[in-house]
There are 2 protein chains.
Amino acid sequence: MKNEHPKVAVDLVIFSIVDGMLCVALIQMKKKPFEDMWAFPGGLVGLKESVDAAAKRDLKEKTDISNVYLEQLYTAGDVDRDPLHRVVSVAYFALINSEKVTLKTSKKYKDIRWFPVNKLPRLAYDHSEMSKIALARLKSKLEYTNIVYGLMPESFTLSHLQQVYEIILGRKLDKRNFRKKIHSLRLLKKTGLFDRKTTRRPASLYKFKERKSKIIEIL
Amino acid sequence: MKNEHPKVAVDLVIFSIVDGMLCVALIQMKKKPFEDMWAFPGGLVGLKESVDAAAKRDLKEKTDISNVYLEQLYTAGDVDRDPLHRVVSVAYFALINSEKVTLKTSKKYKDIRWFPVNKLPRLAYDHSEMSKIALARLKSKLEYTNIVYGLMPESFTLSHLQQVYEIILGRKLDKRNFRKKIHSLRLLKKTGLFDRKTTRRPASLYKFKERKSKIIEIL
DNA sequence: ACAAAAGTGTTATCCATACACCCATGT
DNA sequence: ACATGGGTGTATGGATAACACTTTTGT
């Protein structure tokens, strides 16, 4: 009668904008039966750590960053989702600004890489389903919260912010309407600095007044 | 090193309208350290049942009904949420039409009863927090899905439906606007019958065209 | 006849959308 | 001077919100 219980794991759907595409971080597995297949990073939850803490720990291991947007997604509890063990997995989704992050592999995995969300390989476990749910949630929350801040650098131009929205939502937005909306929400403040990286007219740089999740109608 | 893992449980927040109030079902506990306290019903997930199945099983045990609206809420994973064991709990919320249901206790509990959501006793574990999250989710989903059907009998009057919305949202709605909206959504059909229980002008009875969850702007 | 809930339309306001030109800069 | 993205305002249509009276029944 010992050990007659499911184990608990976490899985991380880590989103970032890389090369102008919405990407997720995937690890390549070493062990059978999923050898060489790709999956979301994750791991078992220890007896003395909270599930949230396990997700944060794992995120730190893979990206070496903490203090990012991290939200529980849902819990996958099918009996056969892992063919070898009974594992109930709590999925999280994270938003990071990839510019200063390099993904770190470990002995446990063959590789870790960014994949554009619309060009995912076949994934292990029920992770294909998980990716769909995560993407739907991201799109939906983009429209009524301020969580984009998780994907943005410290300061950025309004066009850059608009691009991120367009990439994720998969449609063009009207520049004037976008700016009108963003300004009316009063989430941003001007830094007073300008983007000098471009060779054209410099754009004002903005930053978020605060970087924590709020509920707001955006688009 | 054996058994060094959290266990997995489900908790059920079962909503229903009872005596014109939004209520949840609570069980009264027998065992220490929560003796006599109230909590949401729930139980451990077996090794060979999915988490969803465990939730359904538990709901059936408590209410003797199946085929109701049941949705995963979130997973509570704090280390100390249960002082005796390490239990990660997947919370669900269910909507039932209480008219034909009587709550069933069991040897495990002292009692089971409906409590109005705004008059809850102090709850065991982290269940007070859970009740807040469940209620917020119910209110929010009421506004963009058709899940009210879970709380309604087979056929009902428009005024009855409006009352249910008003009870849950905690505010009065305009009768004409409500009806305009409901009709424009085309979720209902007239049964052709009339409510003869009242002593006044009889109201048309309606039923839902289909009883499954849909995303729709309602209020 | 009266009490009580059922049923029904119109107007005003707000918000989302569509749309085009001038500006500041580096080369 | 020119090429490039930055920056700005207005007009229209659709949805939401406010609002009051007539109808049908049982007693």
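Since the model is a prediction, treat every value here as computed from it, not as a measurement. Convention: sequence-line order gives letters A, B, ...; per-chain numbering from 1.
- At whole-Å resolution of the value, CG in B:Leu173 and C1' in D:dA18 are 14 Å apart.
- Sorted by first and then second residue, the pairs that involve residues 110-128 of chain A and meet side chain to side chain donor-acceptor pair (under 3.5 Å), not counting sequence neighbours, are A:Asp11-A:His127, A:Asp36-A:Lys110, A:Arg81-A:Asp126.
- Atom CD1 in A:Ile182 sits roughly 15 Å away from atom C1' in C:dA16 (whole-Å rounding).
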note = Per-nt protein contacts along nucleotides 1-10 of chain C (heavy atom under 4.0 Å; B base, S backbone sugar-phosphate only, - none) come out as ---S-BBBBB

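- Remark: A:Asp82 pairs with no residue by the side-chain hydrogen bond (donor to acceptor under 3.5 Å, both in side chains) rule, at least two apart or across chains.
- The aromatic ring centroids of A:Phe208 and A:Phe156 lie less than 6.0 Å from each other.
- To the nearest angstrom, C1' of D:dG5 lies 14 Å from CD of A:Glu166.
- Looking at residues two or more places apart in sequence or on another chain, you find a side-chain contact (heavy atoms from CB on, under 4.5 Å) between B:Lys190 and B:Ser204, B:Tyr206.
- Computed from C1' positions of five pairs at each end, the angle between the two local axes of the helix from C:dA1-D:dT27 to C:dT27-D:dA1 equals 0°, rounded to 10 degrees.
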Using a 3.5 Å cut-off and no angle test, enumerate the donor-acceptor pairs between side-chain atoms of residues 13-20 of chain B and protein atoms at least two apart in sequence or in another chain.
{"residue": "B:Ser16", "atom": "OG", "partner": "B:Ile96", "partner atom": "O", "Å": "2.7"}
{"residue": "B:Ser16", "atom": "OG", "partner": "B:Ser98", "partner atom": "N", "Å": "3.0"}
{"residue": "B:Ser16", "atom": "OG", "partner": "B:Ser98", "partner atom": "OG", "Å": "3.3"}

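- Considering only residues two or more places apart in sequence or on other chains, B:Phe115 meets the ring pair (Phe, Tyr, Trp, His ring centres under 6.0 Å) condition with B:Trp38.
- Applying the side-chain contact (heavy atoms from CB on, under 4.5 Å) rule to B:Thr75 yields the partners A:Gln72, A:Thr75, A:Val90, B:Val88, B:Val90; only residues at least two apart in sequence or on another chain are considered.
- Rounded to whole Å, atom P of C:dA16 lies 12 Å from atom CD of A:Glu143.
- Partners of B:Glu61 by side-chain hydrogen bond (donor to acceptor under 3.5 Å, both in side chains), not counting sequence neighbours, listed by chain and number: B:Arg57.
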